[in-house]
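Bear in mind the structure is a predicted one, so any value in this text is a computation, not a measurement.
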Amino acid sequence: ILLLNRRMNRKLRVGGSSESQAPQMEYSPIAIHLNNGVLEYCRTSGAALGGSTAGILGLTGLQGFLFFVIVLICTYGCIFIKAGNKRSKYFMSTTSVLTGSLFNVLFTYVLFWTFLYGVVHVY
């Protein structure tokens with residue numbers, strides 16, 4: 001998976017137009033869109049794998065949700081390790097990386113968790 005896209009086709013200037021300010025960071029809307037797509041893919045894949053693992057292991061209740069937190073921390077840890085020290089170069093906000101589509105990830109986790117728990121331990 002290619003996490004980071006460094007192509008700069010069209011540039012979007014962030015900030016004011018005063019020349020006396022410090023150099024401004026330029027973001028490519030195309031690169032931001034692709035980075036967000038890859039980020040969403042990583043989150044969803046991590047949630048599906050984590051939910052599948054929790055279901056197969058037979059985790060229930062609070063143990064399953066604690067496992068979700070562990071999976072989420074590992075997923076974001078891998079993303080930030082891949083981005084390195086230049087997170088602001090690839091994402092406009094670290095907060096949006098952490099909180100974006102959190103409920104979608106939770107629902108995906110619960111879907112795979114309950115499905116595989118039912119397949120393995122109930123039937």
Side-chain angles (χ1 to χ4, degrees):
I1 297 171
L2 177 64
L3 178 65
L4 307 173
N5 185 356
R6 297 181 182 169
R7 288 184 286 156
M8 301 294 268
N9 295 335
R10 288 189 233 159
K11 295 183 179 180
L12 171 68
R13 187 172 296 275
V14 177
S17 61
S18 175
E19 293 180 16
S20 63
Q21 295 177 352
Q24 298 172 354
M25 185 68 108
E26 294 181 350
Y27 293 98
S28 168
I30 296 169
I32 290 172
H33 179 71
L34 291 174
N35 287 344
N36 287 336
V38 171
L39 185 63
E40 185 67 26
Y41 178 79
C42 291
R43 286 185 204 145
T44 304
S45 299
L49 289 172
S52 300
T53 304
I56 291 170
L57 291 175
L59 301 178
T60 58
L62 189 58
Q63 291 176 342
F65 284 106
L66 289 176
F67 189 73
F68 170 71
V69 171
I70 291 169
V71 167
L72 201 62
I73 289 171
C74 290
T75 302
Y76 288 136
C78 290
I79 290 169
F80 287 142
I81 288 171
K82 180 72 175 172
N85 293 332
K86 300 177 182 176
R87 287 181 211 128
S88 63
K89 183 177 178 182
Y90 305 109
F91 305 110
M92 293 182 78
S93 168
T94 304
T95 306
S96 67
V97 172
L98 295 174
T99 59
S101 72
L102 188 60
F103 286 108
N104 292 341
V105 171
L106 177 64
F107 293 148
T108 303
Y109 176 84
V110 171
L111 173 73
F112 279 86
W113 177 24
T114 55
F115 175 70
L116 282 165
Y117 181 83
V119 167
V120 173
H121 298 283
V122 175
Y123 297 111

Intermediate values then yes/no, side chain to side chain contact (heavy atoms under 4.5 Å, CB included), Phe80 and Leu98: CA-CA 10 Å; Phe80 287 142; Leu98 295 174; 3.6 Å; yes
Test side chain to side chain contact (heavy atoms under 4.5 Å, CB included) applied to Tyr76 and Ile79, step by step: CA-CA 5 Å; Tyr76 288 136; Ile79 290 169; 4.1 Å; yes
Trace of the side chain to side chain contact (heavy atoms under 4.5 Å, CB included) decision for Tyr117 with Leu59: CA-CA 8 Å; Tyr117 181 83; Leu59 301 178; over 6 Å; no
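Note on Leu116 and Phe68: separate hydrophobic clusters, where clusters join Ile, Leu, Val, Met, Phe, Trp and Tyr whose side-chain heavy atoms are under 4.5 Å apart, directly or indirectly. Hydrophobic clustering, with ILVMFWY side chains joined whenever heavy atoms are under 4.5 angstrom apart, groups Leu72 together with Val110.
Screening residues 94-104 for salt bridge (charged side-chain N to carboxylate O under 4.0 Å, His left out), with sequence neighbours left out, gives no hits.
Nearest approach of Gly50 to Phe67, heavy atoms of both residues: O-CE2, 3.3 Å. Between Cys42 and Thr75 the shortest heavy-atom distance is O-CG2, 3.9 Å. The heavy-atom pair separating Thr114 from Leu111 by the smallest distance is OG1-O, 3.2 Å. The heavy-atom pair separating Gly64 from Tyr109 by the smallest distance is O-OH, 2.7 Å.
Within 6.0 Å of atom NE2 in His121, more than 12 heavy atoms from other residues, nucleotides or ligands are found, so the atom counts as buried in its surroundings.
With a 4.5 Å cut-off between side-chain heavy atoms of Ile, Leu, Val, Met, Phe, Trp and Tyr, the cluster of Leu49 takes in none.
Remark: Asn35 CG to Leu39 CG distance equals 8.5 Å, nearest 0.5 Å.
Remark: Ser101 engages Glu40, Arg43 in a side chain to side chain donor-acceptor pair (under 3.5 Å) (not counting sequence neighbours).
Aromatic pair Trp113/Phe65: centroids less than 6.0 angstrom apart.
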